[in-house]
> 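This structure is in structure tokens; I'll ask about it shortly.
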Amino acid sequence: MSNLNKLNYDPLVYALDFETYYDSEYGISNYGAWGYVHHPKFDAYLISIVGDGIEYVGPPKEAPWHLLPAGWKAAVHNQGFERLVFPRCQELRTIPKDAAPAGWLCTLDLSAYLCRHRSLHDAVLSLYGVEVDKGMRDYMRGKTWSDAVTAGKAEELKKYALDDSRWCLKLYRDFNTSWPQIEQELSEITFQETARGVAINEKLLDSGIQNVQNANDEAKKGIPWFGEEDEKGKEVKPLSVLALKKFCLENGCETKPPSTEDGDPLLEAWLSNNEHIRPVIKAMQTYRSTNALLKKACTIRARIRPDGTFPHDLKYGGAHTLRWSGGWDEGRAESGSVNVQNLPGSEMYGLHLRKCFVPRPGFKFIGADYSQIEPRCLWWLVGDWETLALIKQGLNPYEAYSRKNLGWDGGSLKALAKAGDAKALPIYKTAKAAVLGAGYGCGAEKFITVAKQMADLNITLPEAERIVAEFRRTNPKITKFWKTLENGMRRSIGEDYLIELPSWRSMRYRNVKVFGGLTCQVGDKIVKTWGGKLCENVTQAVARDVIGEALVRLEKAGIRTLFTVHDEVICEVPLDFDNKIVEQLMIEAPDWLPGIPLEVEIKDMEYYK
DNA sequence: GCTACGAGCGCC
DNA sequence: AAAGGGCGCTCGTAGC
């Protein structure tokens, strides 16, 4: 018994892994995980189970379910898939109804938390330096279990399946204690959200799809080479830059266009000398936009379940700041997935995609957006209590900034700016742009575009230079923070740089090196890094933890959340629900961020907006 | 035929 | 010395 007390893992946890049939057409990319397991071709031909006293690999039907102890829990690598397969097998009676585990745990999410590598292969390589052979997976494309048996590959396949579960169990046992409880809860919440999905207004979606299709057809007509074939009989792609180049040179242009990007000043300059090409470029841009939108809308359309809901994709810890990201993990090609975090914010070509996301009957949406969460976190991180105190008194943050740094001493800046006051408006916009855009070491040139985007502020380069310089001069705590982070990283050259966050976790920058500038490894990429960027990462990470803790609070209060988009939470609650409850749960300052004034904008929504 | 990568564009 | 950041998806092209 004394040994058991020393276990730093739960012996009731067993690792599971299914092997399921797939081919080039029938896969997650084309059907989504839910559609895949409900497809007639669905065939979970193998399951491996590994844990205390059990190592099984074989058909699910013959698995030793009776040997699993009461209250056993399942560890899987990618719960977004495995947790759909399991109940589907129960429905199909290849797994007994009463065999369900008491809980689930996802080692993919654990790996994301630990090392930023999501696939089992990459996680094991990163954490143990061992290469897991994934050859069998490719081999099995388009092959059934009996194909493998006939080909004499059964044993190899079994070994491969067993290996995955062994590694999964090892990840769980070795690292589970490094995964904080709250993060495990967030992993669970994320799964619940994706499985729950969102109700879709199908009529609206259908008519919108028709509109976009029409616009797409119209755009095709403006692309001269559309539908043509090259010498080899291959279709010339509508967005082919080579075709565009050829067309331009054949039609009196001396040079090819520098890009086809909408709004690119270089393109604009080129077009002013080649006006006759303008309609072609425009058609390419319209085709590109409508095509992408159409794909997205049709994917949603195709994935609507019989109950009228669409199960979306959202990844726990998709970003290295551990923010959620869109997409899914199954398969290497990140295609055919719908990212709910970048849905167009307004109508495009007669389709308002967000309007198609509606509450289930008897429910309403609550959209809860944190106001200026990042600047507030940054002020807290650098210890700018003065500004935070002004905000705590009820001052709008941009106004607080203006009073502190821009010499504003008039009345309510926001109210005056809203009324179009000629003196207040530029100051308000300048403050907004500076607060949102200048905190991360942004230079003057970049600040012009940031200011435009964040505060609709149009400025010249000298003005941008002045605002940025002013920001740095009046915010020495922030510039010092940049330097502190950068110096910390410089002291870590040759090793990993760990930044301890105020919450329960750290950020890790692996393998810091100097190649001209500072570089390090983030996920599987080598990136350039400097103080301003690190500051941005840390601020994002802290804001993420704030929203993460809020999500857990909402969940514990029984409030159904659908998804999060960085600083906003979409809740689905009964029609008579009191929105104040959501607000109160969200603005509660975390213990580890004492004194931070949080604010959320809450709105009832008849659709997602 | 498959993979990798950049361009372009959508979001916060 | 100076440098906003974080994502995902589609398409086209290049390279193996």
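Just so it is clear: chains get the letters A, B, ... in the order the sequence lines come, proteins before strands, and each one is counted from 1.
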> Between Thr260(A) and dG8(B), does any side-chain N or O lie under 4.0 Å from OP1 or OP2?
yes
> Nearest to the side chain of Ser337(A) - dC9(B), dC9(C), dC11(B)?
dC9(C)
> Cation-pi between Arg544(A) and Trp324(A): NZ/CZ under 6.0 Å from ring centre and within 45° of the ring axis?
yes
> Which part of the nucleic acid, if any, lies within contact of Gly345(A), taking any heavy atom under 4.0 Å across all strands shown: a base, the sugar-phosphate backbone alone, or nothing?
sugar-phosphate
> Is atom NZ of Lys513(A) surrounded by more than 12 heavy atoms (other residues, nucleotides or ligands) closer than 6.0 Å?
no
> Among the candidates dT10(C), dG6(C), dG10(B), find the nucleotide nearest to the side-chain atoms of Asn291(A).
dT10(C)
> Does a sphere of radius 6.0 Å around NZ in Lys256(A) hold more than 12 heavy atoms from other residues, nucleotides or ligands, not counting ones at 6.0 Å or beyond?
no
> Any N or O donor-acceptor pair linking the side chain of Glu261(A) to the base of dG8(B) at under 3.5 Å?
no
> Ignoring the backbone of His320(A), work out which of dG10(B), dC7(C), dT13(C) is nearest its side chain.
dC7(C)
> Can you tell me which nucleotide in dG12(C), dA3(C), dC7(C) comes closest to the side chain of Trp530(A)?
dA3(C)
> Between Phe365(A) and Phe357(A), is the ring centroid distance below 6.0 Å?
no
> Tell me what Glu235(A) touches on the nucleic acid: a base, only sugar-phosphate, or nothing, going by heavy atoms under 4.0 Å.
nothing
> Out of dG4(C), dC11(B), dG8(C), which has the shortest distance to the side chain of Arg354(A)?
dC11(B)
> Distance check: side-chain N/O of Arg323(A) vs OP1/OP2 of dC11(B), anything under 4.0 Å?
no
> What contact category does Val340(A) fall into here, base, sugar-phosphate, or nothing, at under 4.0 angstrom with non-hydrogen atoms?
nothing
> Start at the 5' end of DNA chain C and walk down; is the nucleotide closest to Asn339(A) or to Ala444(A) reached first?
Ala444(A)
> What's the closest nucleotide to the Leu239(A) side chain, out of dC11(C), dG8(B), dG6(C)?
dC11(C)
> Looking at side-chain heavy atoms only, is the closest gap between Asp109(A) and Lys315(A) below 4.5 Å?
no
> Under 4.0 angstrom, heavy atoms only, what part of the nucleic acid is Val565(A) near: base, sugar-phosphate, or nothing?
sugar-phosphate
> Between Lys315(A) and dG8(C), is there a side-chain N or O to OP1/OP2 distance below 4.0 Å?
yes
> Look at the side chain of His566(A) and decide which nucleotide, out of dG6(C), dG10(B), dT13(C), has an atom nearest to it.
dG6(C)
> Looking at dG4(C), dG12(C), dC9(B), which one has an atom nearest to any side-chain atom of Lys237(A)?
dG12(C)
> Rounded to whole angstrom units, what separation is found between the CG atom of Leu534(A) and the C1' atom of dG6(C)?
14 Å
> Report the nucleotide, chosen from dC9(B), dT13(C), dG10(B), that has the shortest atom-to-atom distance to any side-chain atom of Arg288(A).
dC9(B)
> Could you please name the option among dC9(B), dG8(C), dG4(C) that lies closest to any side-chain atom of Gln285(A)?
dC9(B)
> Report yes or no: is the ring centroid of Tyr440(A) under 5.5 Å from the six-membered base ring centroid of dG4(C), with the two planes under 30 degrees?
no
> Taking only N and O in the side chain of Ser240(A), is any of them less than 4.0 Å away from OP1 or OP2 of dC11(C)?
no
> What is the distance from NZ of Lys446(A) to P of dG6(C), rounded to the nearest Å?
11 Å
> For the NZ atom on Lys452(A), are there more than 12 heavy atoms of other groups (residues, nucleotides or ligands in this structure) within a distance under 6.0 Å?
yes
